[in-house]
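These notes are about the structure you will find just below.
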Number of protein chains: 2
Amino acid sequence: MPEMMKIRARKNKRHQDLKRLVAADPFTTDQELASKLGVSVQTIRLDRLELGIPDARSRIREVARDAYEKVKSITESEVIGELIDLELGESALSVLTATADMALAHSGVIRGHHLFAMANSLAVAVVDAKVALTGSATVRFVRRVRVGDRMVAKARVTEISGRRHTVSVAIRVGADEVFTGEFAVYAVEDT
Amino acid sequence: MPEMMKIRARKNKRHQDLKRLVAADPFTTDQELASKLGVSVQTIRLDRLELGIPDARSRIREVARDAYEKVKSITESEVIGELIDLELGESALSVLTATADMALAHSGVIRGHHLFAMANSLAVAVVDAKVALTGSATVRFVRRVRVGDRMVAKARVTEISGRRHTVSVAIRVGADEVFTGEFAVYAVEDT
DNA sequence: CGTCCTCTTAACACCTGGTGCTAATCTAAG
DNA sequence: CTTAGATTAGCACCAGGTGTTAAGAGGACG
């Protein structure tokens, strides 16, 4: 321990270390933090209080909560993005804001399959059937989409012949068209 | 409470309900479970013991751990699935096992954009360039893929003209072709 | 020099969400 | 009727905390 340090400076350094440790591993308990920083558990508690750092269980709960919501949103929603308007069998509209985790590493450009997913899920949603599956698609990535861009997708059913629905989807960012696609979606009753 | 039920049947039903509740929300404590199921906390504890369900704190920790370490989902890896083989500018191969969160609700059929994402990311990976972006694609979903299916994707660069690369991707489950696609991928240097 | 103030550590009671154990009921099935 | 399984209860204990009070250990400063 740096005993030669002035008392105030030592405390400050410890606070920095504490923040770093907690950020690096939110699962660390006060006990572990105390032994890592060479002070008593009580000191850690006071430090956390000063710095507004919640206790380990809360930190863990938070991580779990975040992850749980996130997984749910990617996984469990039938439509990628927010469904704004839906006229079954006719047209539909959804909105999605591009986030950093949709981007290609370091470039800030959104990866194509996120646009595809948004368009595809909207195309499936607009079809008036219990279950609908995409049969084929032709898509064009017209312009690059970047982190923070607000994407608006519009789907229109252009043709129905039997179980086959042709759906046109366009995604815009502001006035710019960034994606267009034509989806052949099939209505299905049985699994 | 269903008092007319036979005791054993009641217990069985409660066990099913318990599993369902815990799966739906891992954050639920014994207290909450007890009141939801109309039995005492002790009964819940015994049930958890029988069913091998860990306590709430462990469940939360697990969720947090999972999220913290291996963020899977669509977003965070450069190639969706596991990249098995890669010959830059020529061909590539990846493998992905379909999980329940990729499926359409209740049907067990994997949603198309997961196949697209697997194929697209492989197509981008196979192109020999610092950064590559998909310009357009034509895809066919040949057969339904179900939860548990092991998908193998093969990508082959079929044509290069300037920065434009044409990549053919096929995904198979066992011997069956489930997806084919043709991707136009553009090599880019600047962002 | 003494005094004062901050930092640090300690001790105690309490909280939540559990575990392990023993014991008392109660019910249904043999 | 007897007995085994299901349910509930009470008790001591645990981890990882909170809040409070109290007591030393350094400085800083008149």
Side-chain angles (χ1 to χ4, degrees), chain A residues 1-69 71-72, chain B residues 1-69:
Chain A
M1 262 57 65
E3 285 132 353
M4 62 303 181
M5 249 184 184
K6 283 192 183 150
I7 186 165
R8 177 75 211 173
R10 197 176 45 174
K11 189 180 177 181
N12 261 313
K13 185 187 178 305
R14 195 186 54 233
H15 278 194
Q16 297 313 311
D17 290 348
L18 186 59
K19 281 195 271 187
R20 201 177 33 72
L21 280 174
V22 170
D25 184 5
F27 297 83
T28 324
T29 63
D30 283 4
Q31 305 260 2
E32 294 164 338
L33 291 170
S35 80
K36 279 185 191 179
L37 296 178
V39 290
S40 71
V41 179
Q42 286 78 357
T43 302
I44 296 293
R45 296 217 282 113
L46 291 174
D47 286 351
R48 279 202 296 104
L49 231 150
E50 278 187 64
L51 297 171
I53 300 174
D55 64 285
R57 285 188 218 195
S58 305
R59 295 192 304 260
I60 292 172
R61 208 186 345 264
E62 215 174 300
V63 171
R65 209 41 94 181
D66 283 2
Y68 205 64
E69 308 284 306
V71 167
K72 272 208 156 155
Chain B
M1 263 64 65
E3 284 132 354
M4 63 303 179
M5 248 182 183
K6 281 188 185 156
I7 187 165
R8 178 75 211 171
R10 197 176 47 173
K11 187 177 179 181
N12 260 313
K13 183 186 181 304
R14 195 184 55 234
H15 278 195
Q16 297 314 310
D17 291 347
L18 186 59
K19 281 194 271 187
R20 200 175 35 72
L21 280 174
V22 170
D25 183 5
F27 298 81
T28 323
T29 64
D30 283 5
Q31 305 259 4
E32 295 165 337
L33 291 170
S35 80
K36 279 184 192 182
L37 296 177
V39 291
S40 70
V41 178
Q42 286 79 358
T43 303
I44 296 294
R45 297 215 280 112
L46 291 175
D47 287 351
R48 278 201 296 104
L49 233 152
E50 277 185 65
L51 297 171
I53 299 174
D55 65 286
R57 291 209 251 239
S58 306
R59 293 191 308 257
I60 293 172
R61 207 191 314 281
E62 215 172 299
V63 170
R65 230 1 118 192
D66 280 2
Y68 205 67
E69 271 155 22

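Predicted model, so just to flag it, every value in this text is computed and none were measured. So that the names make sense, note that chain A is the first sequence line, chain B the second, and so on, each numbered from 1.
Sorted pairs that involve residues 42-66 of chain A and meet ring pair (Phe, Tyr, Trp, His ring centres under 6.0 Å), not counting sequence neighbours, are lacking altogether. Evaluation of the ring pair (Phe, Tyr, Trp, His ring centres under 6.0 Å) test over residues 36-55 of chain A, restricted to residues two or more places apart or in two chains, returns none. Applying the ring pair (Phe, Tyr, Trp, His ring centres under 6.0 Å) rule to pairs touching residues 42-63 of chain A yields nothing, sequence neighbours excluded. Pairs of residues two or more places apart, or lying in two chains, never qualify as ring pair (Phe, Tyr, Trp, His ring centres under 6.0 Å) while including a residue from residues 30-61 of chain A.
By the 6.0 Å contact criterion, CD on A:Gln16 is enclosed, its count of non-hydrogen atoms from other residues, nucleotides or ligands being greater than 12.
Proximity of B:Thr43 to the phosphate of D:dT8: a side-chain N or O atom is located under 4.0 Å from OP1 or OP2. For the OP1/OP2 pair of C:dT8 and a distance below 4.0 Å, the side-chain nitrogens and oxygens of A:Ser40 include no atom meeting the criterion.
Taking atom CD1 on A:Ile60 and atom P on D:dA15, their separation rounds to 15 Å, with Å as the unit. Atom CZ of A:Arg14 is separated from atom P of C:dT6 by 16 Å (rounded to the nearest Å). One interatomic measurement links the two molecules: CG of B:Leu37 to C1' of D:dT7, which rounds to 14 Å at whole-angstrom precision.
With the end axes of the helix from C:dC1-D:dG30 to C:dG30-D:dC1 each set by five pairs, the angle from one to the other reads 10° at 10° resolution.
Proximity of a side-chain donor or acceptor of A:Arg59 to a complementary backbone N or O of A:Pro54 within less than 3.5 Å is detected. A:Glu32 places a side-chain N or O within 3.5 Å of a backbone atom of A:Thr29 that can act as its donor or acceptor partner.
Geometric assessment of B:Arg65 against the ring of A:Phe27 yields a positive cation-pi assignment under the 6.0 Å and 45° thresholds.
In the set D:dT8, C:dT8, D:dT7, the nucleotide with an atom closest to the side chain of A:Leu46 is C:dT8.
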Worksheet item: Can you give one letter per nucleotide of nucleotides 15-26 of chain C, 5' to 3': B if a protein heavy atom sits under 4.0 Å from the base, S if only from the sugar-phosphate, - if neither?
Response: -BBSBBB-----
